[in-house]
A.B. asks: 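A single structure is presented below for examination.
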Amino acid sequence: MSDTPYRYTAELAGSIEVAWQDRWEERGTFRAPNPAGPWADPEGVSEHPNGHLLVLDMFPYPSGAGLHVGHPLGYIATDVYARFNRMLGRNVLHCLGYDAFGLPAEQYAVQTGQHPRKTTEENIAIMARQLRRLGLGHDDRRAIRTIDPDYYRWTQWIFLQIFNSWYDHDAPNDVGGTGRARPIAELVEEYRSGARPLPADDGRGWEDLSHVERAEILDARRLVQSVEAQVNWCPGLGTVLANEEVTNEGRSDRGNFPVFKRNLRQWVMRITEYADRLADDLDRVEWPEKVKTMQRNWIGRSQGAHVTFPLAASGTATTTGATEAAAGSVGATSDASASATPGIEVFTTRPDTLFGATFMVLAPEHPLLATLVPDAWPEGTRDAWTGGAATPADAVEAYRAAAAAKTDVERQAEGKAKTGVFTGGFAVNPVNGARVPVFVADYVLMGYGTGAIMAVPAQDERDWDFATAYELPIVRTVQPPAGHDEDTAYTGDGPAVNSANDEVSLDGLGVAEAKERIVAWLEERGAGRGAVTYKLRDWLFARQRYWGEPFPVVFDEDGIAYGVPEDQLPVELPDVPDYSPKVYDPEDADSEPEPPLARDADWVAVEMDLGDGRGPRTFRRDTNVMPQWAGSCWYYLRYLDPANAEAMVDPDNESYWMGPRDTPVGGAPEGTRDPGGVDLYVGGVEHAVLHLLYARFWHKVLHDLGHLSSDEPFRTYFAQGYIQAAAYRDDRDQPVEASEVEEGPDGTFTWQGQPVTREFGKIGKSLKNMVSPDDMYAAYGADTFRLYEMGLGPLEQSKPWDTRAVVGSQRFLQRLWRNVVDEETGELRVVDTPLDDATARVLHRTVDAVRTDFTELGFNTAIARLIELNNALTKLETGVPRAAVEPVVLMVAPLAPHIAEELWARLGHAESLAHAAFPVADPALLVEETVTCVIQIRGKVRDRIEVPGDITEDDLEELALMRPKVLEATPDGVRTVIVRAPRLVNVVPA
RNA sequence: GCGCAAGUGGCGGAACUGGCAGACGCGCCAGGUUUAGGUCCUGGUGCCUUCGGGUGUGCGGGUUCGAGUCCCGCCUUGCGCACCA
């Protein structure tokens with residue numbers, strides 16, 4: 001029998017923790033009152049005069065492997081912050097649900113032959129147990145799951161809202177600009193009334209159109225469209241993917257399978273309509289600059305101009321005069337298809353350099369190539385331009401085939417070496433009438449701009465490289481500064497040169513002015529116009545998989561798509577016998593997507609009354625499912641009102657929790673209207689352009705349609721670092737089980753007797769370095785684990801896991817416990833004597849520092865201060881005063897809530913401390929009575945003296961100059977004395 | 001290649017506007033408790049040192065009475081972008 005039965009061991013910690021978790025659940029301690037909706041509790045809301053706070057973690061995916069010690073890092077951090085704010089009197093909403101649709105669950109289910117619903121629900125149960133054991137103060141009523149029909153009913157509802165909307169670029173929005181989503185019904189009304197002209201100006205009105213014609217007009221405007229487009233087809237996953245889901249290496253971010261470009265008809269969400277607002281509104285949220293930059297880069301907005309280069313008559317490869325350009329937009333050719341073509345439209349960000357455009361380049365996929373190519377090489381064609389082919393058609397075809405066969409990886413492997421062939425065609429530079437040869441080259445991409453460029457070698461490095469490789473002329477139109485290398489392009493600012501025709505001259509102008517002038521000239525001439533392009537593509541939204549939300553869309557016999565009426569939602573995911581997607585050889589680029597739902601003929605054919613007055617009819621269901629991002633695009637809204645059967649969220653609940661704040665975030669532009677949104681959103685940076693961009697898009701649509709008062713989902717986003725763990729590899733570079741590796745005294749590592757090398761990496765199966773929180777609960781308890789993770793270092797940093805070091809946090813809690821409870825008797829040890837002055841000052845300085853640290857998420861330094869304070873109390877010889885230990889318990893509570901609750905209760909408090917007031921520092925006690933003043937000679941510390949904290953500069957200087965060491969060091973007198981009372985005096989000898 | 005972060009003891013990391021570098025924790029060392037090991041407790045712990053002191057925040061310069069902190073030039077690591085016209 002131990003003689004310390006009341007010691008704070010892992011066993012005791014465990015029993016305390018589980019008991020408090022039960023109590024919290026029974027009492028509903030963390031249930032946050034809502035102002036409205038089915039749980040309306042206005043009284044509960046009014047009990048929180050210090051306002052409200054919405055703190056959220058990124059939506060977790062319940063993986064089959066359970067949690068590892070890296071996962072809870074952010075959950076603990078938000079919990080500490082939430083608990084702290086609760087103690088400040090705020091109404092705090094913190095909860096967590098499950099993002100449970102998606103590929104991994106489906107793949108796991110296929111592997112194990114079980115239904116994905118079964119495996120997903122099992123995984124959720126495991127995760128829920130692990131999370132509960134952590135002691136997170138979540139509102140347990142709000143643990144929503146995306147796979148529940150009551151949830152995805154609203155996912156489908158939102159889809160229909162977007163489907164039934166169009167983007168009106170001219171409509172004023174509420175942030176002072178124009179452009180917002182409007183219901184498609186309003187567009188119909190404008191067409192019907194004639195307020196908006198119909199696209200086809202054939203004299204017929206809306207009522208005269210067939211329903212197929214009307215559908216075509218509307219479908220072209222919807223924010224969800226079915227388009228025939230080049231998509232990312234991933235045979236290994238059997239589905240198409242969004243651009244955001246394809247890695248730089250041209251592989252799927254899930255599973256790392258090859259991805260191929262295919263032309264297929266697919267659903268897209270028109271996120272590009274929001275490109276400007278998505279870019280601009282980043283200024284109004286408080287996010288890491290890094291993440292904002294990533295989103296801006298992804299959106300890739302660039303300002304420039306579209307310029308049309310008329311096609312020139314085929315002929316000799318020599319430059320002719322300016323007459324043709326003046327003649328008009330089309331080069332004089334007899335070829336019918338060419339005359340139908342106005343010319344080659346390019347996008348350029350440097351219209352000021354137009355006079356230096358000496359050739360053009362089309363992407364290999366450019367449609368104009370077919371009509372551009374003449375029968376024979378024009379006279380004067382250089383050998384190097386032909387690619388060795390007998391005719392331009394052969395050369396272009398060979399080049400196109402070669403480019404098409406190359407994967408992105410191969411293109412990348414070739415680096416920046418420029419290849420291409422002459423098309424045999426010419427175009428006319430609209431500013432000077434120069435005949436410029438047109439090339440095809442794969443350094444121009446079909447997916448950006450117009451898929452064609454004007455090449456200005458003197459001011460563009462890529463064009464320079466191409467021009468030198470193919471001996472094309474280079475004309476400088478921006479004067480490089482003196483000393484600029486004559487053999488490179490100059491891309492900087494400078495005065496324009498060689499840039500004048502009979503009507504306009506740019507010579508001498510800087511880049512910005514030159515752009516302005518030439519764009520004005522182009523617009524006047526109808527040869528071009530100012531333009532903005534984006535790298536952002538529309539969001540490919542359909543997946544040919546099973547485990548996702550079905551599309552609430554049906555088609556009639558004409559192939560027209562209809563949204564399923566709201567009152568018939570949800571469209572439930574049918575329980576099909578064969579849910580495996582049709583997957584192919586990952587390299588089989590020519591395979592076709594085949595959704596599992598398409599196999600269920602009974603489900604696909606449906607009789608339905610759309611409520612359009614035509615009665616019940618037979619329709620064909622859409623057999624796609626939504627991507628995993630769908631459920632995670634709006635879950636934070638459902639948290640606010642998860643039981644609401646009438647709306648996705650009651651508007652009053654949304655505006656209470658997420659509505660715009662009175663003052664904008666720091667760094668927002670002057671006069672900004674606050675966008676509202678989640679007050680603190682914590683999660684990994686890997687979702688910087690996926691989830692965070694998609695959610696912003698949906699949120700803005702819902703805001704435009706009047707469903708939300710906030711116009712950004714996440715007002716403040718904090719990107720947490722990762723916990724990494726040691727992993728070890730053997731001599732074949734294969735990871736070995738990290739838990740079985742032994743460290744030798746010389747610092748080397750061995751596994752089963754063989755030497756292994758160490759690295760630090762992501763925790764997980766692939767590196768065999770899994771550490772489960774369950775092991776930590778068993779060995780130390782949840783409070784120790786929480787404290788360890790928070791004490792490791794700054795939250796935004798990635799840090800290595802070290803199980804051996806966890807004991808330090810346990811020791812702290814043991815000392816705290818021992819300051820209150822006698823380990824042998826279990827009796828209370830605190831004394832009721834008043835605090836001595838020194839202890840009171842340490843206490844209040846700690847309160848002040850911890851408050852600041854908690855507010856700024858500086859948990860590691862807060863913990864250090866609390867340890868110092870507790871160590872100071874431990875050393876008091878007259879016992880630990882209650883007046884000191886109670887504030888310590890309250891301050892520890894957000895970090896280690898179970899032990900704090902237990903000590904609080906043992907100290908005689910009947911109420912949970914979850915809503916107790918956080919200690920407040922007395923300003924009078926923040927200043928130290930005496931401080932150590934450092935005396936420096938020429939900046940080097942030479943002496944120290946104890947002085948009163950409020951000593952004047954003059955007194956301190958006098959004191960310092962009398963010190964023997966100072967006198968000794970200044971035999972020739974003193975030149976300067978710098979005094980920073982009360983901490984420092986620096987004496988500079990003469 | 002371009003852009004952005006970050007480099008501090010054996011390790012994770014502290015250090016407000018330039019003002020005692022290394023808080024706190026791990027590890028290590030010594031002592032105590034214990035039958036022993038472990039736990040736990042107390043003290044010490046940047047490096048060098050002739051014990052006076054010297055030296056020290058990736059490297060080299062600079063500004064300053066004073067630099068981890070500011071400026072210039074490098075190096076390394078991490079992240080992002082990568083023919084985006």
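Note that the structure is a prediction, hence the values are computed from the model and not measured. So that the names make sense, note that chain A is the first sequence line, chain B the second, and so on, each numbered from 1.
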A.B. asks: Could you give the distance from CZ (A/Arg350) to CG (A/Asp460), rounded to the nearest 0.5 Å?
C.D. replies: 9.0 Å
A.B. asks: Taking only the P atom of each, what is the distance from B/G56 to B/G68 in whole angstrom?
C.D. replies: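 Looking at atom P only, B/G56 and B/G68 are 10 Å apart.
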A.B. asks: What interatomic distance, in whole Å, is found between C1' of B/A82 and the corresponding atom of B/C59?
C.D. replies: 30 Å
A.B. asks: Which base, if any, makes a Watson-Crick or G-U wobble pair with B/A30, both distances under 3.5 Å?
C.D. replies: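 Partner of B/A30: B/U42.
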A.B. asks: For A/Gln814, report the nucleic acid contact type (base, sugar-phosphate, nothing); a contact means any heavy atom under 4.0 Å.
C.D. replies: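 If one applies the 4.0 Å heavy-atom cut-off, A/Gln814 turns out to touch the sugar-phosphate alone, with no base involved.
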A.B. asks: Could you tell me which nucleotide pairs with B/G73 by Watson-Crick or G-U wobble geometry, both distances under 3.5 Å, or answer none if nothing does?
C.D. replies: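 B/G73 is paired, partner B/C59.
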A.B. asks: Is it true that, when you exclude A/Glu742 itself, more than 12 heavy atoms of the residues, nucleotides or ligands shown sit nearer than 6.0 Å to its CD?
C.D. replies: no
A.B. asks: Where does B/G52 fall, syn or anti, if syn means a chi angle no more than 90° from 0?
C.D. replies: syn
A.B. asks: Are the side chain of A/Glu759 and the backbone of A/Ala727 linked by a donor-acceptor contact shorter than 3.5 Å?
C.D. replies: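 A pair under 3.5 Å: no.
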A.B. asks: Is A/Arg811 close enough to B/G27 that one of its side-chain N or O atoms is under 4.0 Å from OP1 or OP2 there?
C.D. replies: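 True: A/Arg811 side-chain N/O within range (under 4.0 Å) of B/G27 OP1/OP2.
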A.B. asks: Judged by each residue's nearest nucleotide on RNA chain B, which is more toward the 5′ side, A/Val807 or A/Val987?
C.D. replies: A/Val807
A.B. asks: Taking OP1 and OP2 of B/A82, is either one under 4.0 Å from a side-chain nitrogen or oxygen of A/Lys535?
C.D. replies: yes
A.B. asks: How does protein reach along nucleotides 12-17 of chain B, written 5' to 3' as B (base within reach of a heavy atom under 4.0 Å), S (only sugar-phosphate), or - (no contact)?
C.D. replies: SSS---
A.B. asks: Ignoring hydrogens and geometry beyond distance, is the side chain of A/Arg865 in donor-acceptor contact with the base of B/C24 at under 3.5 Å?
C.D. replies: no
A.B. asks: Mark yes or no for a side-chain to base donor-acceptor pair under 3.5 Å between A/Arg980 and B/G19, with no hydrogen or angle criteria applied.
C.D. replies: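 Counting by modelled atom types and ignoring angles, a donor-acceptor contact under 3.5 Å is found here.
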A.B. asks: Can we say A/Asp352 and A/Lys515 salt-bridge, meaning some charged N sits less than 4.0 Å from an Asp/Glu carboxylate O?
C.D. replies: no
A.B. asks: What is the distance, rounded to the nearest whole Å, between atom OH of A/Tyr780 and atom P of B/U39?
C.D. replies: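 Those two atoms, OH and P, are 10 Å apart.
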A.B. asks: Tell me if the side-chain of A/Lys290 makes a donor-acceptor pair with the base of B/C79, cut-off 3.5 Å, by modelled atom types.
C.D. replies: no
A.B. asks: Report the glycosidic orientation of B/G9: syn if within 90° of 0, anti in every other case.
C.D. replies: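 This nucleotide is in syn.
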A.B. asks: In whole Å, what is the span from the CZ atom of A/Arg944 to the P atom of B/G19?
C.D. replies: 16 Å
A.B. asks: Do the two ring centres, one from A/Phe466 and one from A/Phe439, sit under 6.0 Å apart?
C.D. replies: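 Yes; A/Phe439 has its ring centre under 6.0 Å from that of A/Phe466.
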A.B. asks: Anything under 3.5 Å between a donor and an acceptor, one on a side chain of residues 965-977 of chain A, the other on a protein residue two or more places apart or in another chain? List them.
C.D. replies:
{"from": "A/Thr970", "atom 1": "OG1", "to": "A/Val966", "atom 2": "O", "distance (Å)": "2.7"}
{"from": "A/Thr970", "atom 1": "OG1", "to": "A/Leu967", "atom 2": "O", "distance (Å)": "3.4"}

A.B. asks: At 4.0 Å (heavy atoms only), tell me whether A/Gln936 reaches a base, stays on the sugar-phosphate, or touches nothing.
C.D. replies: base
A.B. asks: On RNA chain B, compare the nucleotides closest to A/Thr450 and A/Lys965; which residue's is nearer the 5' end?
C.D. replies: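 Mapping each residue to its closest nucleotide by heavy atoms, the 5'-most match is A/Lys965.
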A.B. asks: Rounded to the nearest Å, what distance is computed from the NZ atom of residue A/Lys418 to the C1' atom of nucleotide B/A82?
C.D. replies: 12 Å
A.B. asks: Is A/Arg804 close enough to B/C11 that one of its side-chain N or O atoms is under 4.0 Å from OP1 or OP2 there?
C.D. replies: no
A.B. asks: Check every strand shown and say whether A/Arg815 touches a base, only sugar-phosphate, or nothing at a heavy-atom separation below 4.0 Å.
C.D. replies: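 Answer is sugar-phosphate: A/Arg815 comes under 4.0 Å of backbone atoms only.
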A.B. asks: Distance alone, cut at 3.5 Å: any donor-acceptor contact between the side chains of A/Thr932 and A/Glu946?
C.D. replies: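 Looking only at side-chain atoms, A/Glu946 and A/Thr932 do form a donor-acceptor pair, the distance falling under 3.5 Å.
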A.B. asks: Test of understanding: with side chain to side chain contact (heavy atoms under 4.5 Å, CB included), list the residues that count as partners of A/Val519, not counting sequence neighbours.
C.D. replies: A/Ala305, A/Pro351, A/Glu523
